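Quick notes on the structure that follows.
What you are looking at is a predicted structure, and each value in this text was computed from that prediction instead of being measured.
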Amino acid sequence: MAQTVNHRCGAGRCGGVRSVSLARAMDIQNVEFDPSTHSWSAITLRPGCLFLTVPCGEQLSRFEEKAVREPGGTLVSHSLVLFLSGMDAAGARCADDLAQCPGGVVAIVETLAGERLLAGYSRRMGTECALRLTEALSDTGTLRPDTPRRRIILQAFDGDHALPFTGSLL
């Protein structure tokens with residue numbers, strides 16, 4: 001018997017990223033896991049540290065995961081692709097800051113469907129699998145109607161999929 005899948009945005013089937021909040025992996029003090037919901041329930045940062053929201057293009061930015069079975073286990077690649085509007089100094093600073101963050105970052109990714117995921121942190125590896133800058137591209141476009149923008153790609157590799165974040169920041 002075939003199952004009908006509803007792809008309306010209100011049913012949690014809407015693609016795209018609404019917002020991304022980043023914290024340096026070295027600033028993560030504790031992450032609490034709730035086994036009853038199989039999700040992260042709270043994140044505690046070191047005193048004086050905080051998550052910063054990246055003003056990403058909601059119709060362009062995305063989070064992708066790809067799992068590949070390899071000898072000895074599964075390798076999951078996580079890619080967070082952010083598009084920043086314009087070629088301003090704030091976008092350049094964002095790319096520079098990410099490039100100079102040796103331990104990588106942890107991200108809370110909120111989808112347009114309202115789901116939140118914690119990326120760059122796993123149960124087995126903690127912040128060792130943090131997201132790291134792999135590419136920063138500035139593009140003015142070629143035609144008059146083109147919108148200048150920056151594309152920033154952060155990647156991580158580990159053995160676990162990103163899990164939902166249902167809690168709060170402490």
Is there a donor-acceptor pair closer than 3.5 Å between any side-chain N or O of R132 and the backbone N or O of A130? yes
Residues A162 and A119: closest non-hydrogen pair is CB-CA, 4.5 Å
Derivation and outcome, side-chain contact (heavy atoms from CB on, under 4.5 Å), residues V106 and L131: CA-CA 6 Å; V106 171; L131 294 161; over 6 Å; no
Closest contact, heavy atoms only, G15 versus L112: O-CD1, 2.9 Å
Of all heavy-atom pairs between C94 and I152, which one has the smallest distance, and what is that distance? SG-CD1, 4.1 Å
For G167, does its backbone N or O pair with a side-chain atom of R116 as donor and acceptor, under 3.5 Å? yes
Check whether any side-chain N or O of S61 sits under 3.5 Å from a backbone N or O of F83 as a donor-acceptor pair, and report yes or no. yes
CG (L75) and NZ (K66) are apart, to the nearest 0.5 Å, by 10.0 Å
If Ile, Leu, Val, Met, Phe, Trp and Tyr residues are connected whenever their side-chain heavy atoms lie under 4.5 Å apart, and connections chain through other members, are L22 and M26 in the same group? no
Reported CD-to-OG distance for the pair E135 and S79, which is rounded to 0.5 angstrom: 10.5 Å
The reported gap from OH in Y121 to CD1 in I43 (rounded to nearest 0.5 angstrom) is 9.0 Å
Which salt bridge (charged side-chain N to carboxylate O under 4.0 Å, His left out) pairs, counting each pair once, include a residue from residues 35-55, with sequence neighbours left out? D27-R46
For a quick test of reading the model, state the closest non-hydrogen atom pair linking L84 to P55 and the distance between them. CD2-O, 3.6 Å
From E110 atom CD to E115 atom CD, the distance as rounded to the nearest 0.5 Å: 10.0 Å
Given side chain to side chain donor-acceptor pair (under 3.5 Å), test T166 with S41 step by step and report yes or no. CA-CA 5 Å; T166 58; S41 58; 6.0 Å; no
Indicate if L80 and V76 have the same hydrophobic cluster label, given that clusters are the connected sets of ILVMFWY residues with side-chain heavy-atom separations under 4.5 angstrom. no
Heavy-atom count check: over 12 atoms from other residues, nucleotides or ligands less than 6.0 Å from E128 CD? no
The criterion is ring-ring contact (aromatic ring centres under 6.0 Å, His included); which residues satisfy it with F157, sequence neighbours excluded? none
Single-linkage hydrophobic cluster L163~I108, side-chain heavy atoms < 4.5 angstrom: yes
Output for pair (Q100 CD, L133 CG), nearest 0.5 Å, gives 10.5 Å
Taking 4.0 angstrom as the limit, do R124 and D158 come out as a salt bridge? no
Interatomic spacing from CG in L117 to OG in S39 - rounded to 0.5 Å: 10.5 Å
Check whether any side-chain N or O of H78 sits under 3.5 Å from a backbone N or O of D160 as a donor-acceptor pair, and report yes or no. yes
Which ILVMFWY residues are connected to L52, directly or by a chain of links, through side-chain heavy atoms under 4.5 Å apart? L50
From the list V20, I153, L60, side-chain contact (heavy atoms from CB on, under 4.5 Å) with L82 holds only for V20
Min side-chain heavy-atom separation T74-R69 under 4.5 Å: yes
